[in-house]
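Notes follow once the structure below has been shown.
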Amino acid sequence: MQGLKAELLRGLWYVAMPGSDVRPGRLSYATMLGEPVVIGRAKDSKVFALRDICPHRGIPLHYGKFDGETIECAYHGWRFGRDGGCVAIPSLREGQQADLSKIRTRSFPCVERQGLVWIYFAKADEAPRGSEAEPPRLPVFADDVGPSLAIKMHFACSTDHAAFGLMDPTHAAYVHTSWWFKQQARKLRPKEKAFEPSELGWKMVRHDLPPQNLVYKLLGKNVSTEITYRLPGLRIEEVRGDKHAVVGLTAITPITDEATEVHHMFWTTPAWVKPLAPLGRRLMRTFLDQDRVVVIRQREGLMTAPKVMLINDADTQARWWMHVKDEWASASKEGRPFQNPLKPKTLRWMS
Ligand code: FES
Ligand SMILES: [Fe+2]
């Protein structure tokens with residue numbers, strides 16, 4: 001069971017940011033898994049990601065100029081292509097030789113799909129291949145459809161505690177107490193849900209949602225949902241009615257081993273969502289902020305390195321997260337394929 005820090009998993013694709021945050025001819029940057037990353041969109045509109053460090057004297061490349069093809073370092077003007085290779089050193093005079101092919105900053109596999117920029121963090125310089133060669137694809141929506149709503153928030157906790165929060169079925173009544181969400185939250189009711197293993201994690205098996213709920217009514221009749229949890233910290237909820245569908249993604253991306261970026265977004269078929277986006281964004285922000293505040297308070301306690309607990313069945317999914325993570329780490333170390341350690345199970349709790 002983890003304290004302040006979490007092991008960072010490699011050999012996986014992580015959500016970097018929505019594609020709309022990477023404008024043509026501009027550079028964006030982020031720290032992911034402890035590494036500085038600069039992300040650009042080239043003239044052909046393709047995105048790329050490089051280690052955000054100039055190999056000359058170490059200044060972050062994002063301070064430089066980007067002309068849509070090459071990044072010019074802000075310090076001495078060395079230029080780098082989108083593959084990270086150095087293409088020019090302006091200080092060189094005739095007769096002065098430098099083998100540019102040996103000078104480069106690392107490039108990360110980077111894919112933009114469904115409006116998201118995904119970056120692959122290799123195990124030890126391994127290239128993604130097989131099923132790892134592509135980031136996960138969200139259900140229902142085509143590759144060129146981006147989210148209607150997207151927010152991100154910085155959580156002062158490790159990915160483990162962010163993940164526990166994500167899959168915690170019993171905190172809502174105490175943490176998410178806004179008037180618009182669960183007005184009668186404190187009236188706990190018995191819940192029972194079936195779960196089964198799925199790719200790199202598990203899923204809450206598809207089940208019907210209450211037909212009297214106004215929001216669900218907007219999706220048509222026979223509204224049902226399926227929630228998938230998978231490495232490296234993705235929660236994918238697919239809500240479907242006979243008229244419309246909504247897909248929600250929460251992606252936790254480690255900034256370091258004790259700080260996390262939480263991305264929260266929705267893809268929607270109904271056109272009515274566009275005008276509601278500002279309100280939706282506000283509600284999402286309020287909701288996520290409640291989780292953010294809880295982990296800040298929890299951190300105060302975790303600083304004293306207490307022994308903490310996971311109980312059945314309310315915390316069973318948190319246990320599964322640790323099992324799946326441990327298996328990923330062991331499989332990577334032993335150079336063998338990941339074997340999902342989970343079995344189908346029905347969980348019961350009050351919430
Ligand atoms: S530090 Fe980048 S060119 Fe010198
Ligand atoms: Fe929450």
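Note that ligands are numbered from 1 as they come in the structure, with each ligand's atoms numbered from 1 the same way. Remember, predicted model here, so these are calculated numbers, not experimental data.
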To 10°, measure the NE2(His171)-the Fe ion (ligand 2)-NE2(His176) angle for me.
100°
Electrostatic pair Lys325:Asp160 at N-O distance under 4.0 angstrom:
yes
Considering only N, O or S atoms, which atom of Asp291 is nearest to the Fe ion (ligand 2)?
OD1
Would you mind checking if Lys343 and Glu196 are paired as a salt bridge, meaning a charged N to carboxylate O distance below 4.0 Å?
no
Determine whether the aromatic ring centres of residues His56 and Tyr75 are separated by less than 6.0 angstrom.
no
Parallel, tilted or perpendicular, as decided by the 30° and 60° cut-offs, for the rings of Trp202 and Tyr229
parallel
Measure up the Phe287 and His264 rings against each other and bin them: parallel (under 30°), tilted (30 to 60°), perpendicular (over 60°).
parallel
Any idea how many protein N, O or S atoms are nearer than 2.8 Å to atom 4 (Fe) of ligand 1?
2
Quick one: do the Arg319 and Asn312 side chains pair a donor with an acceptor below 3.5 Å?
yes
Are Arg82 and Asp44 within salt-bridge range, i.e. N to O under 4.0 Å?
yes
